[in-house]
**Student:** 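Before I ask anything, here is the structure I am working with.
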Amino acid sequence: MRRKIVAGNWKMNGSKDLSEELVGYVRSEAESLDNGVEVVVIPPAIYVGDVLKQAQGQISVGVQNVGQWQSGAYTGEISSEMVRDAGCRYALVGHSERRQLFGETDEAVAIKASLVVSSGLSAIVCVGETLEERESGRAESVVSSQVRSGLSLIKQDDWHSIVVAYEPVWAIGTGKTATSSDAQSMHATIRGVLKSMGAPAEEISLLYGGSVKADNAAALFAEPDIDGGLIGGASLVAKDFISICRYFPAGA
Ligand code: PGA
């Protein structure tokens, strides 16, 4: 059985007050979800401690990024060990904003993913093509190569801690979503790549991200290879985020 996950990536948004309000609402509503979805919130790192206290283990908490070293003189960075020590369960790795704005390479993604899982956390490794890559017919090859390189350092025993998020760059924060059948087709490709790498592909959860909203979540989550969502903008509105969690079909 694959984990069903809906994760809210707050990015660099919010405040202490908004964070309290969001987590309070999401935690209370998450208790009544009966579809087996694991709800994850991924706040800015400065709020993680408060969110963990408030979440009380009822919802999972993650970070948006980790450093690519174990420890040492890396001012401003946070290690995977620290993230686990603080009580988080998840870390995002290789979000397209990190790749595009902070020059994060496939090599850095591979190192971070391996540090995250060897620390005992789950890594949500993000992949996705740009509009130009899609329009020139290279979407599948770009995404396949990101999966192969980003997960190249994962040891056989650690695959159960890997989650892959397919987020077409052109769909992030733009209001444009991949159609559910395009997303399904890329998810099937990703699963094929994982299989070819010797991973237990049928057990690895694949999330879709990019303008997921309450009105398109149901169609996306109905696809056989879409095991949940990575939600940006809509995760900052507590009711919308919970509606997305509810759209997951029970027993899927
Ligand atoms: P969005 O962001 O839902 O605002 O498009 C998704 C993401 O970047 O994870």
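Bear in mind that the values here come from a model prediction, so they are computed numbers and not experimental data. Just so it is clear, the values below take in all heavy atoms, side chains as well, and ignore hydrogens, waters and symmetry mates. As the structure lists them, so they are numbered: ligands from 1, and atoms in each ligand from 1.
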**Student:** Of the protein's non-hydrogen atoms, which lies at the shortest distance from atom 3 (O) of ligand 1, and what is that distance?
**Tutor:** Gly232 N, 2.9 Å
**Student:** Applying a 4.0 Å heavy-atom criterion (strictly less than), which segment of Asn9 is in contact with ligand 1: side chain, backbone, both, or neither?
**Tutor:** side chain
**Student:** Can you figure out which of Gly175, Gly128, Ala165, Gly233 has its heavy atom closest to atom 4 (O) of ligand 1?
**Tutor:** Gly233
**Student:** Look at ligand 1 and say whether Ser211 reaches it with a heavy atom at a distance under 4.0 Å.
**Tutor:** yes
**Student:** Numbering the atoms of ligand 1 from 1, which are under 4.0 Å from a heavy atom of Gly210?
**Tutor:** 5 (O)
**Student:** How far apart are the closest heavy atoms of Ile59 and Ala30, and which atoms are they?
**Tutor:** CG2-CB, 3.8 Å
**Student:** Looking at Glu97, His95, Lys112, which hits side-chain hydrogen bond (donor to acceptor under 3.5 Å, both in side chains) with Asn65?
**Tutor:** Lys112
**Student:** For Ala171, which part has a heavy atom under 4.0 Å from ligand 1: side chain, backbone, both, or neither?
**Tutor:** backbone
**Student:** Verify whether one side chain among Glu38 and Ser60 offers a donor that lies under 3.5 Å from an acceptor in the other.
**Tutor:** yes
**Student:** For ligand 1, which atoms sit closer than 4.0 Å to a heavy atom of His95?
**Tutor:** 7 (C), 8 (O), 9 (O)
**Student:** Can you name the nearest heavy-atom pair linking Pro43 to Gly62, along with the distance?
**Tutor:** CD-O, 3.4 Å
**Student:** Please collect all salt bridge (Lys or Arg N to Asp or Glu O under 4.0 Å) contacts where either partner lies in residues 188-217, sequence neighbours excluded, each pair once.
**Tutor:** Arg2-Glu202, Arg191-Asp225, Arg191-Asp227
**Student:** May I ask whether Gly173 has any heavy atom positioned less than 4.0 angstrom from an atom of ligand 1?
**Tutor:** yes
**Student:** For Thr174 and ligand 1, does the shortest N/O to N/O distance drop below 3.5 Å?
**Tutor:** no
**Student:** For the pair Glu132 and Arg138, evaluate salt bridge (Lys or Arg N to Asp or Glu O under 4.0 Å) and give the outcome as yes or no after the intermediate values.
**Tutor:** CA-CA 9 Å; Glu132 192 261 312; Arg138 289 183 293 135; 3.2 Å; yes
**Student:** Please compare Glu97, Glu167, Lys11 and report which has the shortest non-hydrogen distance to atom 9 (O) of ligand 1.
**Tutor:** Glu167
**Student:** Is there a donor-acceptor contact under 3.5 Å linking the side chains of Gln54 and Arg27?
**Tutor:** no
